[in-house]
Amino acid sequence: MENATVKKRILSGIQPSGRLHLGNYLGPLRHWPEMIEEFDCYFFMADLHTITVRQNPADLRRQTLTLLAQYIACGLDPEKCVLFIQSHVPAHSQLSWVLNCYTMFGELSRMTQFKDKSAKNADNINAGLFTYPVLMASDILIYQADMVPVGEDQRQHVEICRDIANRFNGIYGDVFKVPEPYIAKVGARIKSLSAPASKMSKSQPDGCVFLLEKPEDIMRKFKRSVTDSDTERCVRYDPEEKPGVSNLIQIYASATGKTFDEIEAEFDGKGYGVFKPAVGEAVVETLRPIREETERLLADKAYLEGVYRAGAEKAAYVANRTLSKVYKKVGFLAR
Ligand code: ATP
Ligand code: LTN
């Protein structure tokens, strides 16, 4: 048995669709390294998902390798978890076709991300954008994952994955493990620094802090960050009345491990002019070792190739077992 140690299995991925930002880091990625000691972990670069929006091929290749280097730089030791590139394991796409036939048009039409992304890409509402959640369900179910650590915006995708798994299991018996989302309490929805009503996202670069950004640029973004127009001007966590300040408190809490109460006490009577650069400094110091290690790893392409080749092999072994079981259940004749 490949999973003789009854460790629970964790799986997650991020699209190599651009530069990794502080939301991606503080939401899901920061929590992954803690998991590799205790669980059987699979983390991948979701390149298949990325082409639902048109990409420049050379950029996509570079971004995929950079994302792998960043995974490792954040603490994902390839000796302790499986790191791979989604398109290197064809079983994801193969399962996805099967699960497309067990997913309803109506349920895909209701997905928030589909509605948002089709509004943003009105000239390219392709079928891949529509069936994106089925591919994501396949990513998860093919590894029989127990838990999926993601940011809050991915909760609905894990829910539909559970629905698809339950539907399939209802017809064919217990083929798939039904996964749980794992969404951190602090940091699961980091907001834009320039528009704290919306989530931090690479499509709004001025309010977005990128992991590989220079310290001076990060500091500038924090110093200019939008705080709230209330007269109180104090550092207090209140997401309704003070969304800008509350977002900075969340970021500071995630970067330093301090509680909201400790942060309020630390900046009591000090005002935003002291608070904003302090958050910037904390982020710069958190990201510095990650940036330096990413740059070092990117200079060693042979090492990175070795990591993703070995990862694909381990991942494919597990994935193909589930795929064979599914093919058998639905009635495909064995070769
Ligand atoms: P886009 O900018 O196109 O919306 P993205 O930045 O959200 O993309 P994804 O690849 O979709 O990037 O997300 C990768 C992971 O980061 C997911 O688990 C997602 O939930 C999480 N994530 C993304 N943005 C944030 C955010 N602002 N706060 C917390 N987690 C986030
Ligand atoms: N849709 C995810 C990326 C993703 C993913 C997955 C996350 C693709 N497949 C499987 C967890 C499990 C996103 O972050 N946009």
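In each ligand, atom 1 is the first atom listed, and ligand 1 is the first ligand listed.
Between Tyr252 and Glu266, the side chains place a donor N or O and an acceptor N or O closer than 3.5 Å (distance only, hydrogens not considered).
Here the heavy atom of the protein found nearest to atom 7 (C) of ligand 2 is Gly13 O, 3.4 Å. Looking at atom 15 (C) of ligand 1, its nearest protein heavy atom turns out to be Pro28 CG, 3.7 Å. If you check which protein heavy atom lies closest to atom 1 (N) of ligand 2, you get Tyr132 OH, 2.6 Å. Of all protein heavy atoms, the one closest to atom 2 (C) of ligand 2 is Gln154 OE1, 3.4 Å. If you check which protein heavy atom lies closest to atom 9 (N) of ligand 2, you get Asp139 OD2, 2.6 Å.
Here Val150 has side-chain heavy atoms under 4.0 Å from ligand 2, and that is the only part of it that gets that close. In Val158, neither the side chain nor the backbone holds a heavy atom less than 4.0 Å from any atom of ligand 2. When non-hydrogen atoms are compared, ligand 2 lies under 4.0 Å from neither the backbone nor the side chain of Tyr42. Looking at Lys117 against ligand 1, only its side chain comes within 4.0 Å, counting heavy atoms.
Any N or O atom pair closer than 3.5 Å counts here, and Ser203 shares no such pair with ligand 1. Between Gln86 and ligand 2, no N or O atom pair is found at a separation short of 3.5 Å. An N or O contact shorter than 3.5 Å is missing between Ser12 and ligand 2 by distance. Looking at Glu152 next to ligand 1, no N or O pair under 3.5 Å apart turns up. Not a single N or O atom of Lys191, backbone or side chain, sits closer than 3.5 Å to an N or O atom of ligand 1. No N or O atom of Val150 sits closer than 3.5 Å to an N or O atom of ligand 1.
If you run ring-ring contact (aromatic ring centres under 6.0 Å, His included) between Tyr143 and each of Tyr317, Phe39, Phe44, Tyr42, only Tyr42 comes through.
Taking only non-hydrogen atoms, the option from Gly151, Pro16, Ala188 nearest to atom 18 (O) of ligand 1 is Gly151.
No more than 12 heavy atoms of other residues, nucleotides or ligands sit less than 6.0 Å from atom CD of Glu313. Heavy-atom neighbours of Arg220 CZ from other residues, nucleotides or ligands within 6.0 Å: above the threshold of 12. Counting heavy-atom neighbours within 6.0 Å of Glu79 CD, excluding the residue itself, gives a total of 12 or less.
Because its NZ or CZ atom is both nearer than 6.0 Å to the ring centre of Phe210 and within 45° of the ring axis, Arg19 counts as a cation-pi partner of that residue.
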